[in-house]
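This chain uses plain numbering: 1 for the first residue, then up along the sequence.
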Amino acid sequence: MTTLATRPTVPLHPVVRPGGGWAARVVGGLVLAVLGTVVTAASWLLLVDSASGRRLDHTVMVAVEDVFSGVRGDVLDLLRVVSVASVGLALLAIAVIGLSRRRVGAVAAGITLVLVSQAITQGLKAVLPREGAGENSLPSGHVTVISALVVATVLVLPAALRYVAAAAGLVVIAGASVAVVAAGWHRPGDVLAAYGVIAAVGGGLLVLDGLRRALTS
């Protein structure tokens, strides 16, 4: 008869510790942050600082404007929905959903992503020069904030809804990207730079989360 002392003590299922996976988060976050930074820098160097790049960027914008010229008023109406008030309401909704599910960390990460990415975007607009223009438009503030809100929303939703929300969010981001170009507000390079900012900030937050898990594991 097997006694208590000789019974196997190894658990049948692996124990998953809350602090696990920190190394993957740090490495993945670093890669994402570097790629985002490279995309943003390359967007400015190749499509703003370069004369031939500026011509190409502007030509594509004009072509997109022509395609959507018949619905430009509708496009502008949609873009005007994005305001400080609407973004604030979206952040409030994200906070309510996340806190109701006790996902405080996800709420904090999402709100930080929205605020920091927008601060960086506006900072880059202010300091990066654009030859032949009154002011620089790179990166796109609209695309930055919409992309960040999509990511923040996915973070706080239940796992069963995240894939659907992510797919819908990609459609929204793509629509916003086309809309800002169709309205003549931004060139394609501005949109690419916005993607880079989101990736860089998201990667940085992932690194911080990984380091936090390493210290608490």
Any heavy-atom pair between the side chains of Val197 and Val39 that's under 4.5 Å?
no
Arg72 (side chain) donor-acceptor with Glu65 (main chain) under 3.5 angstrom:
no
Can any side-chain N or O of Trp44 pair as donor or acceptor with the backbone N or O of Pro129 at less than 3.5 Å?
yes
Where Ala95 and Val107 come nearest, the two heavy atoms and their spacing:
CA-CG1, 3.9 Å
Identified side-chain contact (heavy atoms from CB on, under 4.5 Å) partner of Val87 from the options Ile146, Leu92, Val82, Leu115:
Val82
So do the side chains of Met61 and Asp190 get within less than 4.5 Å of each other, counting heavy atoms only?
no
How close do Arg25 and Leu206 get, counting heavy atoms only, and between which atoms?
O-CG, 3.6 Å
With a 4.5 Å cut-off on side-chain heavy atoms, are Tyr195 and Ile173 touching?
yes
Does a side-chain N-to-carboxylate-O contact under 4.0 Å join Arg212 and Asp209?
yes
Between Arg101 (side chain) and Val156 (backbone), is there a donor-acceptor pair under 3.5 Å?
yes
Test applied, side-chain contact (heavy atoms from CB on, under 4.5 Å); reference residue, Ser117; option that passes from Ile198, Thr112, Leu205:
Ile198
For Ser100 and Ile97, indicate whether the former's side chain and the latter's backbone hold a donor-acceptor pair under 3.5 Å.
yes
Counting N and O atoms only, with roles assigned by atom type, does the side chain of Thr121 sit under 3.5 Å from a partner on the main chain of Gln118, one being a donor and the other an acceptor?
no
